[in-house]
Amino acid sequence: MTPSAPLTVLGLESSCDETAAAVVRLGGGDCAEILSNVVFSQIAAHAPYGGVVPEIAARAHVEVIDEVARRALAEASVGTSDLDAIAATAGPGLVGGVMVGLAFGKAMALALDLPLIAVNHLEGHAVSARLARPIPYPFLLLLVSGGHCQLLDVAGVGASKRLGSTIDDAAGEAFDKIGATLGLGYPAGPALERLAEGGDPGRFELPRSLLGRAGCDFSFSGLKTAAARLAAGMSAETDRRDLAAAVQAEIVRQLVDRTDRAVTVYAAAHGGADRRLVVAGGVAANRAVRSGLSELAGRQGFSFDSPPLELCTDNAAMIALAGAERLALGLTDPLDVPARPRWPLDEAAARLRPTHLAGRKGAKA
Ligand code: KG4
Ligand code: ZN
């Protein structure tokens with residue numbers, strides 16, 4: 001994947017509530033180099049509504065994307081003539097926002113006569129750990145964020161096989177919705193982690209979803225409903241702490257249990273080689289999640305990697321790297337490439353076994 005000459009790529013990310021731009025250089029070292037990584041968070045604009053409002057998000061992206069991109073170039077001390085390509089998230093995500101970043105990227109590519117790379121946001125998360133350490137392909141990936149929860153056998157660029165996926169909510173969604181009923185604002189994941197510190201995870205009994213069930217799929221909706229019921233009307237600090245600890249422990253238990261099964265499937269496909277586990281996505285910022293998976297990896301003889309905390313949540317450095325890896329293989333996209341609100345990484349698996357049936361949400365992950 002290391003190109004013969006270094007490639008410098010501007011990445012753009014606007015699929016949810018972060019407007020981000022970054023410059024990454026691939027080649028010339030073991031690892032890609034992040035020259036700049038600018039993230040403008042819209043959290044304050046959405047906080048009063050307790051979640052991301054798509055229309056507000058799209059407008060906020062329009063207002064700042066040019067300034068965010070300008071800052072990314074300035075902080076990298078890079079001029080537009082130093083760029084080899086523009087990489088922009090083309091989905092999956094909130095389509096109004098995706099269109100803003102993608103249209104901006106197309107305009108830059110056209111004006112500067114540069115190649116455009118339409119990046120799948122999930123592929124960005126998949127390569128994010130490679131921004132910090134030279135992790136070779138293939139690896140087993142647990143991608144766990146606010147919108148996604150899946151296990152993937154990542155063989156290389158554009159070659160991921162889905163081993164399991166959530167059949168209802170994503171883990172981050174469970175953290176956010178349960179956290180909201182505990183009055184923790186939005187997004188509630190980091191606040192719930194802090195509240196859980198020192199709590200007793202054994203005091204409240206929560207449903208142990210999919211315990212002992214075959215396969216590598218996830219389910220968090222039962223946990224969400226049960227925890228929300230317990231949280232309603234709860235005011236004592238010790239009660240809230242103990243419930244937060246129980247919720248976090250149950251989410252970690254399920255992530256570890258399902259990943260353990262995927263380890264077996266992955267190991268059967270790869271033999272004794274390439275025993276690498278990577279966790280990425282916003283929920284990978286959670287220390288209990290990281291330590292549960294790191295312990296599992298150790299037990300199974302796998303190495304364990306996770307991006308640094310600031311690269312777990314949405315950013316454009318991961319989009320720039322995914323774009324640079326594609327560019328190194330000559331994979332670019334035409335200027336009429338569409339924005340895709342739903343765009344599974346493993347399209348064949350998503351068609352065969354849709355996790356969200358058409359008519360409800362489509363094949364989300
Ligand atoms: O990857 P990301 O920024 O956006 C998506 O692509 O979804 O992930 C955001 C999600 C939110 O649900 C947020 O609550 C969760 O990641 N999150 C955490 C933590 N930090 C972020 N969840 C649990 N513990 C954390 N420390
Ligand atoms: Zn994301």
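Whatever order the structure lists ligands and atoms in, that order sets their numbers, starting from 1.
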Measure the spacing between CG of Asp346 and CD of Gln150 and express it to the nearest 0.5 Å.
-> 9.0 Å

Decide yes or no on salt bridge (charged side-chain N to carboxylate O under 4.0 Å, His left out) for Arg130 and Asp305, but give the supporting numbers first.
-> CA-CA 9 Å; Arg130 286 163 59 81; Asp305 275 290; over 6 Å; no

Report the C-alpha distance between Asp260 and Arg299 in whole Å, list the side-chain angles of each, state the deciding distance to 0.1 Å, and finish with yes or no for salt bridge (charged side-chain N to carboxylate O under 4.0 Å, His left out).
-> CA-CA 10 Å; Asp260 200 0; Arg299 184 156 39 83; 3.7 Å; yes

Looking at ligand 1, does Pro190 have a heavy atom less than 4.0 Å from it?
-> yes

CG/Leu131 to CG/Leu321 distance, rounded to the nearest 0.5 angstrom?
-> 5.0 Å

Atoms in ligand 1 with a heavy atom of His125 nearer than 4.0 Å | 1 (O), 6 (O)

Among protein heavy atoms, which sits nearest to atom 12 (O) of ligand 1, and what does the distance come to when rounded to 0.1 Å?
-> Asp176 OD2, 2.7 Å

Parallel, tilted or perpendicular for His125 and His121, by the 30°/60° rule?
-> perpendicular

Show your reasoning for whether salt bridge (charged side-chain N to carboxylate O under 4.0 Å, His left out) applies to Arg59 and Glu55.
-> CA-CA 6 Å; Arg59 276 188 214 193; Glu55 193 55 34; 3.8 Å; yes

Assess whether salt bridge (charged side-chain N to carboxylate O under 4.0 Å, His left out) is satisfied between Glu67 and Arg70, documenting all intermediate values.
-> CA-CA 5 Å; Glu67 176 58 19; Arg70 198 193 57 74; 2.8 Å; yes

Numbered in order shown, the ligand 1 atoms found under 4.0 Å of a heavy atom of Ser145 are 1 (O), 5 (C), 6 (O), 7 (O), 8 (O)

Closest to atom 6 (O) of ligand 1 among protein heavy atoms sits Asp314 OD1, 3.2 Å

Gly147 heavy atoms, cut-off 4.0 Å: which ligand 1 atoms fall inside?
-> 7 (O)

d(Ile86 CD1, Leu10 CG) to nearest 0.5 Å is 4.5 Å

Measure the distances from the heavy atoms of His121 to every atom of ligand 1 and state whether one is below 4.0 angstrom.
-> yes

Nearest 0.5 Å, what's the CZ-CE distance between Arg240 and Met234?
-> 9.0 Å

Ranked by distance from atom 21 (C) of ligand 1, the top protein heavy atom is Gly282 O, 3.3 Å

Would one find an N or O of Asn286, backbone or side chain, under 3.5 Å from an N or O of ligand 1?
-> yes

Any N/O pair Gly189/ligand 1 closer than 3.5 Å = yes

Give, for atom CG of Asp314 and atom CD1 of Ile319, the distance between the pair rounded to the nearest 0.5 Å.
-> 8.0 Å

Determine whether any heavy atom of His148 lies closer than 4.0 Å to an atom of ligand 1.
-> no

At a 4.0 Å threshold, what atoms of ligand 1 neighbour a non-hydrogen atom of Glu193?
-> 24 (N), 25 (C), 26 (N)

Considering heavy atoms of the protein only, find what lies nearest to atom 10 (C) of ligand 1 and give residue, atom and distance to 0.1 Å.
-> Gly146 N, 3.5 Å

N or O contact, Gly281 vs ligand 1, cut-off under 3.5 Å = no

Will you find, in the side chains of Tyr137 and Glu325, an N or O donor that is under 3.5 Å from an N or O acceptor?
-> yes

d(Ile56 CD1, Leu94 CG) to nearest 0.5 Å is 12.0 Å

Taking only non-hydrogen atoms of Gly172 and a 4.0 Å limit, the atoms of ligand 1 in range are 12 (O)

Donor-acceptor contact below 3.5 Å, side chain Ser15 vs main chain Gly93 = no

May I ask you to list the protein N, O or S atoms found at less than 2.8 Å from the Zn ion (ligand 2)?
-> His121 NE2, His125 NE2, Asp314 OD1

